[in-house]
Amino acid sequence: MTSPRLAIIVPCFNEQEVLPDTLRVLGDLRARMIAMNLISSESYLLFVDDCSSDATWEMVRRANSSDKSVRGISLMANAGQQPAMICGLEIASDDADCAVTIDADLQDDPEAIIEMVKKFVGGADIVYGVRARRDSDTWFKRTSAHLFYRIQRAMGVKVLYDHSEFRLMSRRAINMLKRYDERNMFLRGVVQSLGLPYDIVYFTRNPRLAGETKYNFSKLLALSIDGVTSFTSRPMRMIFALGIIIVFLDIIVGIWALTSYLTHRTVTGWTSLILSVWLLGGLILMSLGVVGEYIGKIFLEVKHRPRFHVREYLK
Ligand code: UDP
Ligand code: MG
């Protein structure tokens, strides 16, 4: 078998501080892998600029004009990391045999790509990069990330612990992914549900080379809510179960109230009345919130909006 053509896809959002290093490190890695005969010389880097407001796109353009193994896509509007990656994957599937997605900050060790490609050549359609350790992350990031995985699991979503978006996918896997037309795509979950042969590569996560994280708390929260609501309706079922329990409690309370009334032991139950009104009000609001989350999803899905629009593709 001839060596596969690899595309390394890098979503970038305001990454001017780190991009020169990223270009150098990934370019060097590509050259070494070609020298090792592991990938074909037609392999390339594909930078997806998620509508950065800094010099990111200028840098990609400059790199592309001097080196055709660096390609760039610029998106019209900030679509987010996942849509940017999906855009890159879709375009790479036109001519690459396999594609690796990696963050621009190189927190995920690029050297692991060598191992990933070896496993792809060995027959795996998907190779997940899994963090062996995450000491470099802050306590908050670590704890919130683990909580994130745990909640996902408890809700019945299949997720791999300590795997984010650093993975290799074969063209076959990407083509299968392309058939998922949903807007709220939770990529890791969908990829795992494809059912293709997979493997795992462990790596150490480094601190960000430069610049700052592009994920704030609200973006992270949105991602984890997406992860649950686009895969399972278990939260709704939990609310339903809670409803049943409340109804049973109501029957007991009702019997107690009725016997109190019949035996003339009624009290001016203002406090308990107010308490139950608040409790029920809270529960109703909670249920509405959950239902609303799903209706919001349906709303977005039926609109069938395109996930991104490409402004320019430098080949
Ligand atoms: N990113 C993006 N669009 C966004 C936010 C982030 O393309 O709206 C990219 C970002 O440039 C980086 C990757 O997604 O390459 C991961 O972001 P970051 O490293 O800031 O996240 P963290 O590692 O802190 O979770
Ligand atoms: Mg990062």
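We count ligands from 1, going down the list as the structure has it; atoms in each ligand are counted the same way.
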Novice: Check Arg30, Arg32, Arg24 against Asp28 for a salt bridge (charged side-chain N to carboxylate O under 4.0 Å, His left out) and give me the one that passes.
Specialist: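 The salt bridge (charged side-chain N to carboxylate O under 4.0 Å, His left out) with Asp28 is passed solely by Arg32 among Arg30, Arg32, Arg24.
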
Novice: Any non-hydrogen side-chain atom of Tyr161 less than 4.5 Å from a side-chain atom of Val130?
Specialist: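 Counting from C-beta outward, Tyr161 and Val130 never come under 4.5 Å.
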
Novice: Check whether any heavy atom of Gln82 sits under 4.0 Å from an atom of ligand 1.
Specialist: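 In this structure, Gln82 fails to qualify as a contact of ligand 1 - no heavy atom is under 4.0 Å.
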
Novice: Please report which non-hydrogen protein atom sits nearest to atom 21 (O) of ligand 1, along with the residue it belongs to and the distance in Å to one decimal place.
Specialist: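 In this structure, atom 21 (O) of ligand 1 has Tyr215 CD1, 3.2 Å as its nearest protein heavy atom.
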
Novice: Could you tell me, atom by atom, which parts of ligand 1 come under 4.0 Å of a heavy atom of Cys12?
Specialist: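 Reading through ligand 1 atom by atom, the close ones are 7 (O), 11 (O).
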
Novice: Under a 4.0 Å heavy-atom limit, does Glu165 contact ligand 1 with its side chain, its backbone, both, or neither?
Specialist: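 None of Glu165 does.
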
Novice: Between Lys315 and Asp94, is there a side-chain N and carboxylate O pair less than 4.0 Å apart?
Specialist: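 Salt bridge between Lys315 and Asp94, a charged N being under 4.0 Å from a carboxylate O: no.
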
Novice: Quick one: does Thr213 get an N or O within less than 3.5 Å of an N or O on ligand 1?
Specialist: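 The answer is yes, given that Thr213 and ligand 1 share an N or O pair closer than 3.5 Å.
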
Novice: Side chain, backbone, both or neither: which part of Arg205 has a heavy atom under 4.0 Å from ligand 1?
Specialist: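 The part of Arg205 near ligand 1 is the side chain, not the backbone.
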
Novice: Could you check whether Arg205 pairs with Asp108 (Lys NZ or Arg NE/NH1/NH2 to Asp/Glu carboxylate O, under 4.0 Å)?
Specialist: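 So Arg205 pairs with Asp108 through a salt bridge.
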
Novice: May I ask you to identify the nearest protein heavy atom to atom 22 (P) of ligand 1, giving residue, atom name and distance to one decimal place in Å?
Specialist: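 Its nearest protein heavy-atom neighbour is Lys141 NZ, 3.5 Å.
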
Novice: What is the name of the N/O/S atom of Asp105 that is nearest to the Mg ion (ligand 2)?
Specialist: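 Nearest to the Mg ion (ligand 2) within Asp105's N, O and S set: OD2.
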
Novice: Is Arg171 paired with Asp97 through a side-chain N to carboxylate O contact shorter than 4.0 Å?
Specialist: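 Salt bridge: yes.
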
Novice: Look at atom 4 (C) of ligand 1 and say which protein heavy atom is nearest, naming residue and atom and giving the distance to 0.1 Å.
Specialist: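 Minimum-distance protein heavy atom for atom 4 (C) of ligand 1 reads Asp50 OD2, 3.5 Å.
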
Novice: Run through Tyr149, Phe203, Tyr198, Tyr128 and flag the one making a ring pair (Phe, Tyr, Trp, His ring centres under 6.0 Å) with His163.
Specialist: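 Among the candidates, only Tyr128 passes.
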
Novice: Any donor-acceptor pair under 3.5 Å linking the side chain of Gln16 with the backbone of Ala55?
Specialist: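 Answer holds: yes.
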
Novice: Please work out which of Pro11, Ala104, Gly80 has its closest non-hydrogen atom nearest to atom 9 (C) of ligand 1.
Specialist: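 That would be Pro11.
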
Novice: Nearest protein heavy-atom contact for atom 18 (P) of ligand 1: which residue, which atom, what distance?
Specialist: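 Of the protein heavy atoms, Arg208 NH2, 3.5 Å lies nearest.
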
Novice: For the OH atom on Tyr202, are there more than 12 heavy atoms of other groups (residues, nucleotides or ligands in this structure) within a distance under 6.0 Å?
Specialist: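 Not buried by this count: 12 neighbours or fewer within 6.0 Å.
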
Novice: What protein heavy atom is closest to atom 14 (O) of ligand 1, reported as residue, atom name and distance in Å?
Specialist: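 The protein heavy atom lying closest is Gln81 CG, 3.2 Å.
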
Novice: Please check: side-chain N/O of Ser74 versus main-chain N/O of Asp49, any donor-acceptor pairing under 3.5 Å?
Specialist: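 No.
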
Novice: How close does the nearest protein non-hydrogen atom get to atom 11 (O) of ligand 1, and which residue and atom is it?
Specialist: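 Answer, as residue, atom name and distance: Glu15 OE2, 2.6 Å.
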
Novice: Are any of the N/O atoms on Phe13, whether in the backbone or the side chain, positioned under 3.5 angstrom from an N/O atom of ligand 1?
Specialist: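 For ligand 1, there is an N or O atom that lies under 3.5 Å from one belonging to Phe13.
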
Novice: Any idea which protein heavy atom is nearest atom 20 (O) of ligand 1, and the distance to it?
Specialist: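 Ranking protein heavy atoms by distance from atom 20 (O) of ligand 1, first comes Lys214 N, 2.4 Å.
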
Novice: Show your working on side chain to side chain contact (heavy atoms under 4.5 Å, CB included) between Ser164 and Arg188 and close with a plain yes or no.
Specialist: CA-CA 7 Å; Ser164 57; Arg188 316 170 202 184; 4.3 Å; yes

Novice: Is the Mg ion (ligand 2) less than 2.8 Å from at least one N/O/S atom of Thr213?
Specialist: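 No, since none of the N, O or S atoms of Thr213 sits under 2.8 Å from the Mg ion (ligand 2).
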
Novice: In the protein, what heavy atom is nearest to atom 23 (O) of ligand 1, and what distance, to one decimal place, separates them?
Specialist: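 It is Gln107 OE1, 2.9 Å.
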
Novice: Mind checking whether Asn78 contacts ligand 1 via backbone (N, CA, C, O), side chain (CB onward), both or neither, at a 4.0 Å heavy-atom cut-off?
Specialist: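 For Asn78, the contact with ligand 1 is made by the side chain alone.
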
Novice: Side chains of Leu160 and Ile200, heavy atoms from C-beta outward: is any pair under 4.5 Å?
Specialist: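 Touching, per the 4.5 Å side-chain cut-off.
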
Novice: Does ligand 1 have an atom under 4.0 Å from some heavy atom of Lys219?
Specialist: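 Contact check Lys219 vs ligand 1: positive.
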
Novice: Is the number of heavy atoms from other residues, nucleotides or ligands under 6.0 Å of Arg150 CZ greater than 12?
Specialist: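 Incorrect, the count does not exceed 12.
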
